[in-house]
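Below is one structure, written out as structure tokens; the observations come after it.
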Amino acid sequence: MTDTKCIAMLLAGGQGSRLKKLTKDNAKPGVMFGGKYRIIDFSLSNCFHSDIFTIGVLIQYKPLILGRYIGNGSSWALDKIDQGIYILPPYADKEGERWYRGTAHAVYQNIEFIDMYDPEYVLVLSGDHIYKMDYSEMLDYAEEKDADLTVSVMEVDWKDASRFGIMNVDEDNKIIEFEEKPDDPKNNMASMGIYIFRWKTLRDALLRDEKKEDSVHDFGKNIIPMMLEENRNVYAFPFEGYWRDVGTIESYYEANMDLLREREDFDLYSKKMRVYSNNINSQPHYVGLYASINNSLICDGCMIEGTVNNSILSYDVKIGKNAIVKDSIIFSNAEIEDGAVVEKTIIGENMRIKKNKRIGNMDSDEITVVG
Amino acid sequence: MKKIAGIIINCPNQNNLEAMTSHRSIHTVPFGGKYRLIDFPLSNFVNSGIRKIGVIGSYKYRSLTDHLGSGEDWNLSSKSNDLSILHGGKNKKIGEITRISIQDFIDNKAFFRKIAETTEHILLSNCNSIANMDVEGIFDFYLEKKADVVMVYKPNYTSDDLYKGVALEVERNGEIIKILNNSNENMDHFNLYAGMMFIKSTLLEDIMEDAEESGELDLIDVLQSNLDRLNVYGYQMEGYLKIVNSLKSYFDASMYLLDPEIQKELFYSKRKIYTKTKDNHPTKYNEKSKVKNSIIASGAHINGTVENSIVFREATIAEGVVIRNSVIMQNCTIEKNTEIVNCILDKYVKVTEGKVLKGTEDKPLLIKKDSVI
């Protein structure tokens with residue numbers, strides 16, 4: 001097998017129930033984002049830009065759209081000889097069926113896959129984060145610290161700190177304590193759910209965790225506390241930059257709108273670490289005689305006759321005459337018919353908003369979801 | 001459609017798009033926001049299931065090989081050798097320019113020998129015919145007529161520019177009785193050869209052999225002088241056709257794309273037009289953008305006024321810019337407060353602050369690739 005220092009295991013099996021209708025027929029990493037992307041594009045593009053070319057994608061919940069989207073990995077230039085993207089579903093063996101019961105259990109079930117590469121390190125990623133990150137810097141850091149586990153952390157607002165897993169570190173960034181969603185956080189360094197494990201150590205930990213009856217087989221709840229208890233070398237890797245978990249409708253919506261704000265800390269538009277995706281072959285979009293488009297992102301194949309303001313339109317969206325779309329996200333192949341008004345709403349794939357209908361409300365705190 | 005091989009020729013007599021074809025062959029002239037001219041014939045082939053395709057290049061190869069790659073963007077596989085880029089563009093006689101060069105076929109004998117193992121019919125297409133063709137319909141007609149050759153034509157064509165094309169005289173039963181050069185005759189309405197023909201592989205082989213001896217190297221001439229001997233039929237195409245062979249015809253063809261009917265026919269059909277995909281972001285419209293009746297490709301940034309125009313991928317249009325009736329190609333940068341009317345800006349053109357560029361509808365102003373104005 002090829003000599004591979006680090007392979008990635010991407011957790012993409014969760015239901016993402018807090019995304020409501022958006023994950024009705026689709027796993028969370030497969031949800032559209034920013035018009036042409038799907039959430040998983042960000043992690044996969046990061047892998048490519050970090051020279052990590054072997055990625056196991058662990059799927060379970062509603063994997064059809066995601067699996068079809070990933071294909072052979074060529075969209076992220078990850079269709080290499082002996083390397084690339086491998087979709088790893090739960091499977092049955094002589095002892096029975098084995099659904100993934102937790103994040104750590106999902107990796108445990110694929111020990112054989114990882115052993116085929118026999119890597120020194122395993123990078124564990126979540127498929128529902130929006131960010132650009134060069135993992136090779138984190139890998140260098142892990143080697144430099146001779147770490148059994150390196151956890152990527154970032155500073156969050158103190159008021160939000162109790163929503164995250166908080167890492168308490170010494171002056172060398174060695175993690176001495178980990179608190180999951182503490183009421184009274186001692187600092188504001190939050191875990192981003194990105195881990196680099198020394199494979200030998202992780203393998204051993206997974207085998208032992210599997211035997212523990214009270215374990216829920218979760219990295220945050222079980223594996224990391226266990227490694228800290230055993231006084232392993234666990235380090236925090238401080239990350240500076242834009243990173244968002246888009247697990248709720250509100251955070252998903254805000255992260256989309258961040259693209260329109262052209263923030264300096266997250267430049268989707270720069271060619272540096274460009275985000276790759278499956279490029280759909282649609283014609284360039286057409287803007288009609290009476291259309292008006294401001295502060296928006298528009299994808300190929302759209303046909304716009306109405307007004308689009310502060311919104312994101314995916315592929316092949318139709319906006320009729322005198323229709324108004326404001327502060328909204330429209331997924332591919334949806335149609336907003338003549339005279340319809342859509343405000344502060346997420347419209348799912350292939351949906352049709354009938355003539356003169358009104359959906360959503362600018363003044364509401366709630367984000368409407370149609371799907 | 002396994003028995004057909006498709007060949008895209010290099011249109012030696014139509015390589016006349018001024019500075020647009022000084023560094024690239026006509027195949028890869030950018031068109032319609034994200035396409036190249038060759039995407040139309042190539043997609044026509046692929047959409048009819050043709051899986052053996054040869055593209056005859058010219059000596060200006062770089063942009064052609066760069067564009068086609070292994071063919072995967074057209075759903076062609078490198079494993080089964082679906083797409084081959086062939087030699088071409090070696091003109092034998094100075095001053096005389098052939099329409100379909102048999103020399104180009106002779107230079108690629110090895111390729112023709114190889115495709116003869118699996119195919120019986122050859123579909124020849126120009127690289128500059130903009131149309132979404134129903135190739136399967138043409139093939140059915142060709143089989144039904146038991147023809148040696150079927151030439152596709154657009155009836156009742158009115159010459160709206162100085163088009164130097166091939167005109168056909170067609171009998172009621174479809175038989176072609178005369179092939180003429182419309183630049184030599186004075187004709188208002190004629191049947192324009194659409195740049196696509198089916199020909200029997202064995203016939204083309206014979207023609208190649210004869211040509212090596214006789215030196216008669218224009219396939220159109222050979223067909224013309226053998227009309228009485230061969231079964232040559234004309235297939236009347238329906239729908240939109242535009243042949244791009246001059247700056248004016250390029251400009252017109254671009255502006256016609258703004259007609260929703262033509263757009264629908266070319267791009268919203270079941271038969272898709274494929275092109276090289278590119279990873280870029282959706283187009284970003286900023287606060288001050290005012291865009292009307294225009295085609296805009298992905299990866300662009302727009303903060304000015306754009307009317308009746310085509311904007312290609314990754315172009316940047318700053319605040320206070322006014323663009324009308326123009327074609328702005330890939331990666332152009334248009335700085336603040338400029339005015340651009342009736343222009344064609346080739347790739348990577350930069351127009352600096354406050355400049356005014358104006359052409360006319362009849363004579364659009366072409367700005368060469370990489371220029372800084």
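Below, each value reflects all heavy atoms present in this structure, side chains not excepted, and no hydrogens, waters or symmetry copies.
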*For the atom pair CD (B:Glu287) and CG (A:Leu260), what is the distance rounded to the nearest 0.5 Å?*
9.5 Å
*Please check if the distance between the ring centroids of B:Tyr285 and A:His285 is under 6.0 Å.*
yes
_Whether over 12 other heavy atoms sit under 6.0 Å from A:Glu250 CD_ = yes
*So which of B:Gln263, B:His281, B:Lys292 has the largest heavy-atom pair count under 4.5 angstrom toward chain A?*
B:His281
*B:Glu353 atom CD, over 12 foreign heavy atoms within 6.0 Å*: yes
*Side chain from CB out, backbone as N, CA, C, O: work out which of these in B:Ile310 comes under 4.5 Å of a heavy atom of chain A, or both, or neither.*
neither
*Taking every non-hydrogen atom, the tightest pair across A:Asn294 and B:Ser289*: ND2-O, 3.2 Å
*Do the side chains of A:Ile298 and B:Ile296 get nearer than 4.5 Å, heavy atoms only?*
no
*Short side-chain donor-acceptor distance under 3.5 Å, A:Tyr269 and B:Asn280*: no
*Just give me the residue among B:Lys288, B:Lys290, B:His301 that pairs up with chain A most often, heavy atom to heavy atom, under 4.5 Å.*
B:His301
*For each of A:Gly35, A:Cys299, A:Gly288, tally heavy-atom pairs with chain B at distances under 4.5 Å, and name the one with the top tally.*
A:Gly288
*Who among B:Thr283, B:Asn308, B:Ile295 has the most heavy-atom pairs with chain A under 4.5 Å?*
B:Thr283
*Between A:Arg274 and B:Glu314, is there a salt bridge with N-O shorter than 4.0 Å?*
yes
*Approximate separation, where rounding is to 0.5 Å, of A:Met303 CE and B:Lys264 NZ*: 6.5 Å
*If you draw a 6.0 Å radius around NZ in A:Lys132, do more than 12 non-hydrogen atoms from other residues or ligands fall strictly inside?*
yes
_Euclidean distance, A:Lys271 NZ relative to B:Asp279 CG, rounded to 0.5 Å_ = 12.0 Å
_If I measure from the heavy atoms of chain B, does A:Tyr315 come under 4.5 Å with its side chain, its backbone, both, or neither?_
neither
*Per-residue contact mode, B:Tyr268 against chain A (heavy atom under 4.5 angstrom)*: side chain
_Taking NZ in A:Lys80 as the centre, count heavy atoms belonging to other residues, nucleotides or ligands within less than 6.0 Å. Is the count above 12?_
yes
*Taking every heavy-atom pair that is under 4.5 Å apart, which of A:Ser277, A:Ser292, A:Ser75 has the most such pairs with chain B?*
A:Ser277
_Heavy-atom pairs under 4.5 Å with chain A: which of B:Lys284, B:Glu307, B:Lys272, B:Glu72 has the most?_
B:Lys284
*Greatest number of heavy atom pairs closer than 4.5 Å to chain B - which of A:Leu313, A:Val308, A:Val287, A:Val275*: A:Val287
_Part of A:Ile312 within contact of chain B (heavy atom distance under 4.5 Å)_ = neither
*When rounded to the nearest 0.5 angstrom, what is the spacing between OG in B:Ser298 and CG in A:Leu297?*
11.5 Å
*asked:* At a 4.5 Å cut-off on heavy atoms, which part of A:Asn281 comes close to chain B: side chain, backbone, both, or neither?
replied: both
*Inter-residue atom distance B:Ser294.OG - A:Ile304.CD1, 0.5 Å rounding*: 11.5 Å
*Side chain, backbone, both or neither of A:Ser282 within contact of chain B (heavy atoms, under 4.5 Å)*: both
